[in-house]
Colleague: 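This is the structure I have questions about; it appears just below.
Below, chain A is the first sequence line, B the second, and so on; all start at residue 1. No hydrogens, no waters, no symmetry mates; every other heavy atom, side chains included, goes into these values.
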Number of protein chains: 2
Amino acid sequence: MEAILHALSDPVRAQIFAGVASADCAQICSAFADVSDRPVPKSTLSQHFKVLREAGLVRSERHGVEVRNTARLGELRERFGPLIEAIMQAHAKQQCETRAKAG
Amino acid sequence: MEAILHALSDPVRAQIFAGVASADCAQICSAFADVSDRPVPKSTLSQHFKVLREAGLVRSERHGVEVRNTARLGELRERFGPLIEAIMQAHAKQQCETRAKAG
DNA sequence: TCGATAGTTCAGAAATTGTGAACTAATGGA
DNA sequence: TCCATTAGTTCACAATTTCTGAACTATCGA
């Protein structure tokens with residue numbers, strides 16, 4: 001819980017989780033090198049995924065040379081009710097507003 | 001938003017906010033020196049309240065020698081919908097479970 | 001004005017986070 | 001089999017953030 005809020009309080013990780021959660025298939029780590037305005041180095045990306053994994057937000061499975069990530073939405077809803085949905089909804093709303101301002 | 005998750009991802013601050021939010025009257029800062037297992041120094045307490053204020057979670061007003069804090073529940077619901085409620089509910093549930101285990 | 005109480009500020013210590021470099025793991029040729 | 005390539009992890013140190021004791025400000029009451 002504490003770990004979840006901490007994980008999602010970082011804007012890059014929040015973006016990564018949003019991307020994984022909204023995708024209809026598993027996402028590889030390196031797909032998120034450009035979530036931020038400046039490119040995220042792969043060592044940093046690896047750490048971010050580690051934080052997300054340890055918070056129980058995503059599951060990672062190696063398939064050949066790549067690691068595929070999926071959001072653990074079911075388990076999260078079971079344990080925390082509407083918490084994750086509420087956070088992601090607020091996150092999405094905020095993204096909208098940010099984009100609207102940026103033009 | 002990011003600031004809110006960050007503020008509440010610290011267990012001491014989460015406890016403080018829960019205390020302020022659930023109280024039926026404004027709470028002074030020093031009322032929370034014992035939220036943790038070890039006493040929280042007043043400089044640390046002051047910083048925690050600063051973080052909560054800057055995240056927009058609480059409002060602080062000086063009354064004589066003390067500072068009274070209230071949760072900005074109305075504004076928060078307006079801006080973020082059920083987010084804060086969801087976090088506080090998950091927090092409360094977790095507190096219950098922790099206490100149950102501790103005996 | 002003095003003493004007490006409540007909180008803030010500051011500076012250095014302690015802890016956490018970010019990142020390049022070196023490494024591991026798996027794959028696909030030659 | 002061996003080499004090159006791709007994807008990610010680990011490590012060590014730099015950079016940043018957080019914690020906290022000491023000194024300070026603010027307010028009140030005597």
Colleague: Could you give the CZ-to-C1' distance, from B/Arg68 to D/dA26, as a whole number of Å?
Modeller: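 Nearest whole value for this atom pair: 16 Å.
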Colleague: What pair of heavy atoms forms the shortest contact from A/Leu45 to A/Phe32, and how long is it?
Modeller: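 Taking A/Leu45 first and A/Phe32 second, the nearest heavy atoms are CD1-O, 3.7 Å.
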Colleague: What's the CD-P distance between B/Gln27 and C/dG7, to the nearest Å?
Modeller: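 B/Gln27 atom CD is separated from C/dG7 atom P by 11 Å.
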Colleague: How is B/His6 classified with respect to the nucleic acid when contacts are heavy atoms under 4.0 Å: base, sugar-phosphate, or nothing?
Modeller: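 Result for B/His6 = sugar-phosphate.
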Colleague: Given that A/Val40 and A/His63 both sit by DNA chain C, which one's nearest nucleotide is further toward the 5' end?
Modeller: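 The answer here is A/Val40.
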Colleague: For a quick check under 3.5 Å, do A/Ser60 and A/Arg53 share a side-chain donor-acceptor pair by atom type?
Modeller: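 Present: a donor and an acceptor within the cut-off.
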Colleague: Between B/Arg77 and B/Arg79, is there a donor-acceptor pair closer than 3.5 Å when you use the side chain of the first and the backbone of the second?
Modeller: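 Absent.
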Colleague: Taking a hydrophobic cluster as the set of Ile, Leu, Val, Met, Phe, Trp and Tyr residues connected by side-chain heavy atoms closer than 4.5 Å, whether directly or through intermediates, do B/Val65 and B/Phe49 fall within one such cluster?
Modeller: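 No.
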Colleague: With a 4.0 Å heavy-atom cut-off, tell me which residues in residues 43-51 of chain B come close to DNA chain C, sorted by residue number.
Modeller: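 Residues of residues 43-51 of chain B under 4.0 Å from DNA chain C: B/Ser43, B/Ser46, B/Gln47.
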Colleague: Same cluster or not: are A/Val20 and A/Val51 linked, directly or through other Ile, Leu, Val, Met, Phe, Trp or Tyr residues, by side-chain heavy atoms under 4.5 angstrom apart?
Modeller: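 Looking at the clustering, A/Val51 is in a separate group from A/Val20.
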Colleague: Could you run down the sub-3.5 Å N/O contacts of the protein with nucleotides 1-6 of chain C?
Modeller:
unit_1, atom_1, unit_2, atom_2, d
C/dA6, O4', B/Val65, O, 3.0

Colleague: What is the distance, rounded to the nearest whole Å, between atom CD of B/Glu61 and atom P of D/dA26?
Modeller: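 Taking CD of B/Glu61 and P of D/dA26, I get 19 Å after rounding.
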Colleague: For the atom pair CD (B/Glu61) and CG (B/Asn69), what is the distance rounded to the nearest 0.5 Å?
Modeller: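 Rounded to the nearest 0.5 Å, the CD-CG separation comes to 9.5 Å.
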Colleague: Does one hydrophobic cluster hold both B/Val67 and B/Val12, with members joined at side-chain heavy-atom distances below 4.5 Å?
Modeller: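 Different clusters: B/Val67 never reaches B/Val12 through Ile, Leu, Val, Met, Phe, Trp or Tyr contacts under 4.5 Å.
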Colleague: For a quick test of reading the model: is some side-chain N or O of A/Arg53 closer than 4.0 Å to OP1 or OP2 of D/dT9?
Modeller: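 The answer is yes; a side-chain N or O of A/Arg53 sits under 4.0 Å from OP1 or OP2.
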Colleague: Verify the neighbour count for atom CD of A/Gln89: are there more than 12 heavy atoms of other residues, nucleotides or ligands below 6.0 Å?
Modeller: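 No, CD of A/Gln89 has 12 or fewer neighbouring heavy atoms, counting only those of other groups under 6.0 Å.
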Colleague: Salt bridge check: are A/Glu97 and A/Arg99 linked by an N-O gap of less than 4.0 Å?
Modeller: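 No.
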Colleague: How long is the line joining CZ of B/Arg38 and P of D/dC19, in whole Å?
Modeller: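 Whole-Å distance recorded here is 13 Å.
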Colleague: Tell me yes or no: between the side chains of B/Gln94 and A/Glu2, is some donor less than 3.5 Å from an acceptor?
Modeller: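 Judged by distance alone, the side chains do not pair up.
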Colleague: Can you check the B/Ile16 CD1 to D/dC19 C1' distance for me, whole Å?
Modeller: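 After rounding, the gap between these two atoms is 13 Å.
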Colleague: Do A/Met88 and A/Val35 land in one hydrophobic cluster if side-chain heavy atoms of ILVMFWY residues count as linked below 4.5 Å?
Modeller: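 Linked within one cluster.
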Colleague: For DNA chain D, produce a single dot-bracket line, 5' to 3'. Pairs: Watson-Crick or G-U wobble, both distances under 3.5 Å. Symbols: ( ) within strand, [ ] crossing, | other strand, . unpaired.
Modeller: ||||||||||||||||||||||||||||||
